[in-house]
Amino acid sequence: MPEALRLKGQGASPGIARGPAYVMAPEDGRARGVRANGSDAARLAEAVDRAVEDLRDLAGRSDLESAAILEFQIEMLRDPALLEPSLERMHRGAEAGVAWAATMDAYVASFEEAEDEHIRARGADMMDIRQQVLRALHGERPPDFPQGSILVGRDIAPSLFLSHDWSRGGGIALFGGSVASHVATLARSRGVPMVVGVPSAEIETGMELVVDGDDGVVEDGSAVPASALAAGRASGIPVPIGEPAVAADEFPLSTADGIRLTLQANIDHPSELRHLSPTNVDGIGLFRTEYLMASPADLADEERQVAIYTEMLAWAGGLPVTIRLLDFGADKPPPGEATDPSSFLGLRGIRLLLARPDMLRTQVRALLRAAPAGRLRVLLPMVTAPSEVEQTRAVFAEEAARLSARGVSHAMPPLGLMVEVPAAALMPEAFAAEFFSFGTNDLAQYLSASARDNAAVSPLYAAARAAVLRFLAMTVPLVAATGRSVGICGDLAGDPTALPALLSCGFRDFSMAPRRMTLARAALSRLNADGSEARG
Ligand code: PEP
Ligand code: MG
């Protein structure tokens, strides 16, 4: 019997999807020379305008984050640097489509050759723009595929992802692609399972496939029993859009012996809020703002940040919303900059922000201005020394004074500390922070001296788990003794097997990815507050 298809790629968006494959033929990339009435330059300008209009229309129907990605494409389309080389080619006799395609091919190639993965990933946007204008020139409709399919192809354009209706499920398996692409960002926020870098294989449209975005595997669905998928679902598949992540009847949560616990959500993208109901969670325990920033222009856009934070606070009503200052560095460089693995121990998180005050001040102003809209709390990432909190607080005070002088409405949020550097965990009383949240993903990396993104040392990272739990048992009481609130927002909080130990350390406030909540709730409600199993 031939071996069933099983392809190992890289998980770009978690969860498991099953469905018939839809193999996307590479779009006809050739520009057909159509000599029409009117000048070629005018036809190309019209096609660019039409593509911009279509993108604006799509952006108008999209959430803020998706709209930001489309705005990036609109900005690129409006860039004279794209139009001018096309006009020159037309001057030399090329037809509009041929000239545009040649210009864009050179751009796509320059992006794809970049060393930095984030820049390479923008190549897909350039390809998307190329095709949109060519379609506008040729009067063609954009492609689509049947709902519920597993889309298989080399890469997928952000505009195609956004115009497709994912409400009936489906997934994405790409032979190319990148975890850093805009589509990967969108897939994560919409809960669409996605695997990239799949080795090339014979897959035919209609073939049943399973995409496992957690393990980065694409396999023949006929060889994977439905029961295996049900087990996968229990281990945390994203909840389909519109379905609350948490059953209302399990809320509010208490331990079996009646101690009230809080369960908050970790959010990477504001659009994830569409999957969550504020009536079923105790607030947002961690909003990672880095993923909002797709370009240097985003970093400088204070108004956009004010709008996003205000929208989140309005969503939450009176519940706390904890927004983390930009945690750039290492595997998450600022947009447009190269990754620097050494910065796991260098300029990262609050260190980088204090060294690059423009970035910090824009975000601080946006947070101060959004604060009156709800119960905002601000988290400082990777704090090591008390002076870092003091300097950040001084920046908040200075920007607040400037806003007052301009008569701009604002409020000062409480500042909290991500406890992820061991030195900070051991000396909590030295920090002028109003609350503490343990970031065990980084704490484990810094305790085990094993970079969290380095596959060669991942067994060491995992082996340090017992040491991490012992470290928490030693340091959570130190934080609790300060009288300020202490929670946990690292991945350990969503791991049911770690919950007995975390309760016994003294944690009562947990924040985790929404898809981890159902299992964590069930586990926590069966435990006593000291972490022991409840009887009966
Ligand atoms: C952590 O380090 O535990 C954490 C929650 O932050 P991140 O995973 O974004 O570094
Ligand atoms: Mg961290």
Side-chain angles (χ1 to χ4, degrees), residues 236 246 252-255 259-268 281-288 319-324 327 349 377-383 414-426 428 431 433-448 452 461-462 464-525 527-531:
V246 182
L253 178 67
S254 298
T255 56
I259 300 299
R260 171 85 165 95
L261 305 174
T262 68
L263 222 59
Q264 297 189 321
N266 288 357
I267 296 289
D268 292 348
V281 291
D282 293 290
I284 303 299
L286 170 65
F287 171 42
R288 296 176 166 99
L319 295 173
V321 172
T322 313
I323 298 184
R324 183 172 71 186
D327 186 17
R377 311 194 314 161
V378 173
L379 256 182
L380 278 53
M382 211 193 162
V383 172
L415 301 186
L417 202 90
M418 282 290 280
V419 187
E420 26 191 17
V421 176
L426 289 164
F431 292 86
E434 276 120 357
F435 65 100
F436 295 85
S437 185
F438 275 80
T440 47
N441 307 339
D442 277 309
L443 194 57
Q445 130 165 295
Y446 295 128
L447 278 171
S448 64
R452 58 195 272 189
Y461 184 97
R465 181 182 163 107
V468 171
L469 291 173
R470 180 176 288 190
F471 187 81
L472 292 174
M474 288 162 55
T475 54
V476 173
L478 298 180
V479 180
T482 66
R484 288 164 264 163
S485 77
V486 50
I488 173 167
C489 62
D491 289 351
L492 214 49
D495 176 350
T497 64
L499 291 173
L502 297 179
L503 281 173
S504 98
C505 290
F507 284 117
R508 299 291 177 261
D509 300 318
F510 298 82
S511 190
M512 62 193 67
R515 65 199 176 85
R516 298 276 168 215
M517 285 187 169
T518 306
L519 272 194
R521 269 178 196 278
L524 286 165
S525 60
L527 294 167
N528 292 319
D530 64 3

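- Residue L519 holds its CG atom at 11.0 Å from OG1 of T497, rounded to the nearest 0.5 Å.
- Heavy-atom minimum distance, R324 versus M418: NH1-CE, 3.5 Å.
- Residue S504 holds its OG atom at 11.0 Å from CG of L499, rounded to the nearest 0.5 Å.
- A donor-acceptor pair under 3.5 Å is absent between the side-chain atoms of E434 and the main chain of G416, judged by distance alone.
- Of the possible polar contacts, one joining the D282 side chain to the L263 backbone as a donor-acceptor pair under 3.5 Å is found.
- Under the 3.5 Å distance criterion, the side-chain polar atoms of D327 are left unmatched by any main-chain donor or acceptor of M382.
- Qualifying side chain to side chain donor-acceptor pair (under 3.5 Å) partners for T255, counting only residues two or more places apart in sequence or in other chains: D257.
- By the 4.5 Å heavy-atom criterion applied to side chains, F510 and L524 are counted as neighbours.
- Every salt bridge (Lys or Arg N to Asp or Glu O under 4.0 Å) that R465 has, sequence neighbours left out, goes to D495.
- Applying the side-chain contact (heavy atoms from CB on, under 4.5 Å) test to P428 and every residue at least two apart in sequence or in another chain returns F436, L478, V479, T482.
- Residue T262 comes nearest to D509 through the heavy atom pair OG1-OD1, 2.6 Å, listed as atom of the first residue, atom of the second, then distance.
- Taking each heavy atom of A493 and M512 in turn, the nearest pair found is O-CE, 3.2 Å.
- S437 is not listed as a side-chain neighbour of Q264, based on a closest heavy-atom distance of 4.5 Å or more.
- A heavy-atom distance below 4.5 Å is found between the side chains of L469 and L502.
- In this structure, T322 contributes its side chain and L286 its backbone to no donor-acceptor pair below 3.5 Å.
- In this structure, CG in L417 is found 9.0 Å from CZ in F435, a value given to the nearest 0.5 Å.
- Between the CD1 atom in I259 and the OG atom in S254 there is a gap of 8.0 Å [rounded to 0.5 Å].
- Side-chain contact check for L472 versus L443: some heavy-atom pair is nearer than 4.5 Å.
- Across G285 and L379, no two heavy atoms sit closer than the pair O-CD1, 4.1 Å.
- Residues N441 and Y461 share a closest heavy-atom pair of O-OH, 2.5 Å.
- At least one side-chain heavy atom of L426 sits less than 4.5 Å from a side-chain heavy atom of T475.
- Legend: residues meeting ring pair (Phe, Tyr, Trp, His ring centres under 6.0 Å) with F507, ordered by chain and number and at least two apart, are F438.
- Residues satisfying the side-chain contact (heavy atoms from CB on, under 4.5 Å) test with A481, not counting sequence neighbours, are none.
- Summarising the geometry, atom CG belonging to L447 is positioned 10.5 Å from atom OG1 belonging to T440; distances are rounded to the nearest 0.5 Å.
- Not counting sequence neighbours, the partners of D268 by the side-chain contact (heavy atoms from CB on, under 4.5 Å) test are E272, R288, Y291.
- The shortest heavy-atom contact between P477 and A473 is CD-O, 3.1 Å.
- One N or O on the side chain of R508 and one on the backbone of L503 form a donor-acceptor pair closer than 3.5 Å.
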